[in-house]
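In what follows, a single structure is set out as structure tokens and then discussed.
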Number of protein chains: 2
Amino acid sequence: MDKKEEILKTALKLFVEFGFHATPTSKIAKEAGIANGTLFHYYKTKDELILALYAHTKSRLTDYMYANASKDESLELVFKSIYTNTIEWAQENKSEFYFIQQFSTSPFYGLISPEEITKQAKPHLDFLQAGIKAAVLKPLPVDILYTLINSHIAGINQYLSSEEFSTAKQKKIINESFQLLWDMIT
Amino acid sequence: MDKKEEILKTALKLFVEFGFHATPTSKIAKEAGIANGTLFHYYKTKDELILALYAHTKSRLTDYMYANASKDESLELVFKSIYTNTIEWAQENKSEFYFIQQFSTSPFYGLISPEEITKQAKPHLDFLQAGIKAAVLKPLPVDILYTLINSHIAGINQYLSSEEFSTAKQKKIINESFQLLWDMIT
DNA sequence: ACATTTGTAGACTGATTAGTCAATCACTAT
DNA sequence: ATAGTGATTGACTAATCAGTCTACAAATGT
């Protein structure tokens, strides 16, 4: 009966369905089964709730991305694991992934400090930098690499969400698209 | 003194800066220098205004994409022209491009009929299909191809917007990133 | 047992919002 | 001229919203 969690869950669902503008806090509270005032007890303002939801969701994704990434394997295998994990998470948590994108291309994104953004991207950039240094990845500016990979994943995810694929077919698409990406950056 | 145009221009600016939720019609009217009622004379509802703005902006982009595309040249050159045009337009019309993305990852996008979306994508898909048939592009599902290209462009654009590059440097980035994309899909 | 904090409720408020409406105004065609 | 049409205005309304407040309940520490 974690109300804080319940608020986030409900807010996510409603924001994705109706957007920030058309989701009153009263509706969130009602649908979460709590009183209006309780919501504001946990989140001082609606903006704070939105920001907390983003941070929470983003961190869930990041955690999942790096799961099972044993350091023993080759850079390609580690990279592929991150790639696969990300798309799998996005497919199994479509609302969450959609919310991240919705948030990122909204003025709310501007409320996050540049330091926070840099901090978020740091581990990914370090990983790519190591790949470049090891002469596995092309010596491109690491920011381009990062952006291209992110966009690629967003694209594949959009494609996978556009139709219903069998698990096998989905795996095949992920493998093939990974190969396209890998060939592009190595 | 085209008020309809003026409303769209102002709405775009405000939506990008504050978001749909935090941009009242009254503010749009005020900043456009017209009366409240005049806005509703041209657009029956706020939603209608938002949809009209999207259609208008998207069509401006599409027009620009295919500008100067002489049929005489090789598929690669035509494709590169479209690629370059798109990024150039996005860079010269940052707010407009951002708005398109903001709209596309918002619940408003759901208000557009599937037919309309299909219709929008049709020329692009046809072009790619021709490339596959001519054995220039890889025989991938055309939807994947389309999505990957779109995402790639979105990514490069994001990168170009993240810093200030000289025109020369920008051109270099566009050329190099085009090569990455081209190699990936051929 | 008691005191202090923390959680929960829901009625309430002041501000804001999308959209209306009745009244002019500008323009065109006859 | 005159009638008719659409453009323009801004005050107005009914509804809605984010956030407050007071009161009570549950938990926690001493």
Side-chain angles (χ1 to χ4, degrees), chain A residues 1-57 95 99 102-103 105-113, chain B residues 1-57 95 99 102-103 105-113:
Chain A
M1 222 229 280
D2 190 342
K3 311 230 164 180
K4 232 175 150 174
E5 196 76 24
E6 189 64 31
I7 293 169
L8 289 183
K9 211 180 86 190
T10 309
L12 174 84
K13 190 185 127 204
L14 294 174
F15 285 150
V16 164
E17 186 172 356
F18 303 108
F20 302 113
H21 71 292
T23 305
T25 51
S26 57
K27 201 172 177 183
I28 298 171
K30 199 173 185 178
E31 195 134 337
I34 59 162
N36 216 302
T38 307
L39 187 149
F40 285 97
H41 174 71
Y42 287 107
Y43 303 98
K44 276 194 282 292
T45 64
K46 188 182 184 182
D47 277 17
E48 189 177 307
L49 165 61
I50 293 173
L51 289 172
L53 178 56
Y54 175 71
H56 177 255
T57 311
S95 292
F99 174 77
Q102 184 184 5
F103 180 93
T105 54
S106 84
F108 285 105
Y109 192 66
L111 297 180
I112 299 178
S113 70
Chain B
M1 224 228 281
D2 189 341
K3 312 230 166 183
K4 233 175 150 175
E5 195 77 24
E6 188 64 29
I7 293 169
L8 290 182
K9 211 180 85 189
T10 309
L12 174 83
K13 190 185 126 202
L14 293 175
F15 285 151
V16 164
E17 186 171 355
F18 303 109
F20 301 114
H21 70 293
T23 305
T25 51
S26 57
K27 201 172 175 183
I28 298 172
K30 199 174 184 179
E31 194 134 336
I34 58 163
N36 217 302
T38 308
L39 187 150
F40 286 97
H41 174 70
Y42 287 108
Y43 303 98
K44 275 194 281 295
T45 63
K46 189 182 181 180
D47 277 18
E48 190 179 307
L49 164 62
I50 293 173
L51 289 171
L53 178 57
Y54 174 70
H56 177 254
T57 310
S95 292
F99 174 77
Q102 184 184 6
F103 180 93
T105 54
S106 85
F108 285 106
Y109 192 67
L111 297 180
I112 299 179
S113 71

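Taking the six-membered ring for Trp and thresholds of 30 and 60 degrees, B:F103 and B:F20 have ring planes more than 60 degrees apart, a perpendicular arrangement.
Where B:T38 and A:S26 meet DNA chain D, the nucleotide closest to each residue was compared, and B:T38 sits on the side nearer the 5' end.
Of the candidates C:dG19, D:dT9, C:dT8, the closest approach to any side-chain atom of B:F40 belongs to C:dG19. Comparing atom distances between the A:N36 side chain and each of D:dC17, C:dG10, C:dA18 picks out C:dG10 as nearest.
For B:T57 (side chain) and B:L53 (main-chain N/O), a donor-acceptor pair under 3.5 Å exists by modelled atom type. Side-chain N or O atoms of B:T23 include one that pairs as donor or acceptor with a backbone N or O of B:G19 at under 3.5 Å. Of the possible donor and acceptor atoms, one in the side chain of B:Q102 sits under 3.5 Å from a partner among the backbone N and O of B:F15.
Between the CD1 atom of A:I28 and the P atom of D:dT16 there is a distance of 17 Å, given to the nearest Å. For B:K3 and D:dG6, the NZ to C1' distance is 13 Å, given to the nearest whole Å. Atom C1' of nucleotide C:dT17 and atom NZ of B:K27 are separated by 13 Å, given to the nearest angstrom. If you measure from atom CZ of B:F18 to atom C1' of C:dT16, you get 16 Å, rounded to the nearest angstrom. Atom CG in B:L14 sits roughly 12 Å away from atom P in C:dA18 (whole-Å rounding). Rounding to whole angstrom units, CD1 of residue A:I50 and P of D:dC17 are separated by 14 Å. Taking atom CD1 on B:I34 and atom C1' on C:dC25, their separation rounds to 16 Å, with Å as the unit. D:dT8 atom C1' lies 15 Å from atom CD of B:E6, rounded to whole Å.
Residue B:H41 places none of its side-chain N or O atoms closer than 4.0 Å to OP1 or OP2 of D:dT8. For B:Y43, no side-chain nitrogen or oxygen approaches OP1 or OP2 of C:dA18 to under 4.0 Å. Close to C:dT8, at under 4.0 Å from its OP1 or OP2, lies a side-chain N or O of A:Y42. Using a 4.0 Å cut-off, no side-chain N or O of B:K46 falls inside it from OP1 or OP2 of C:dG19.
Under the ring-ring contact (aromatic ring centres under 6.0 Å, His included) criterion, no residue pair touches residues 30-50 of chain A, with sequence neighbours excluded.
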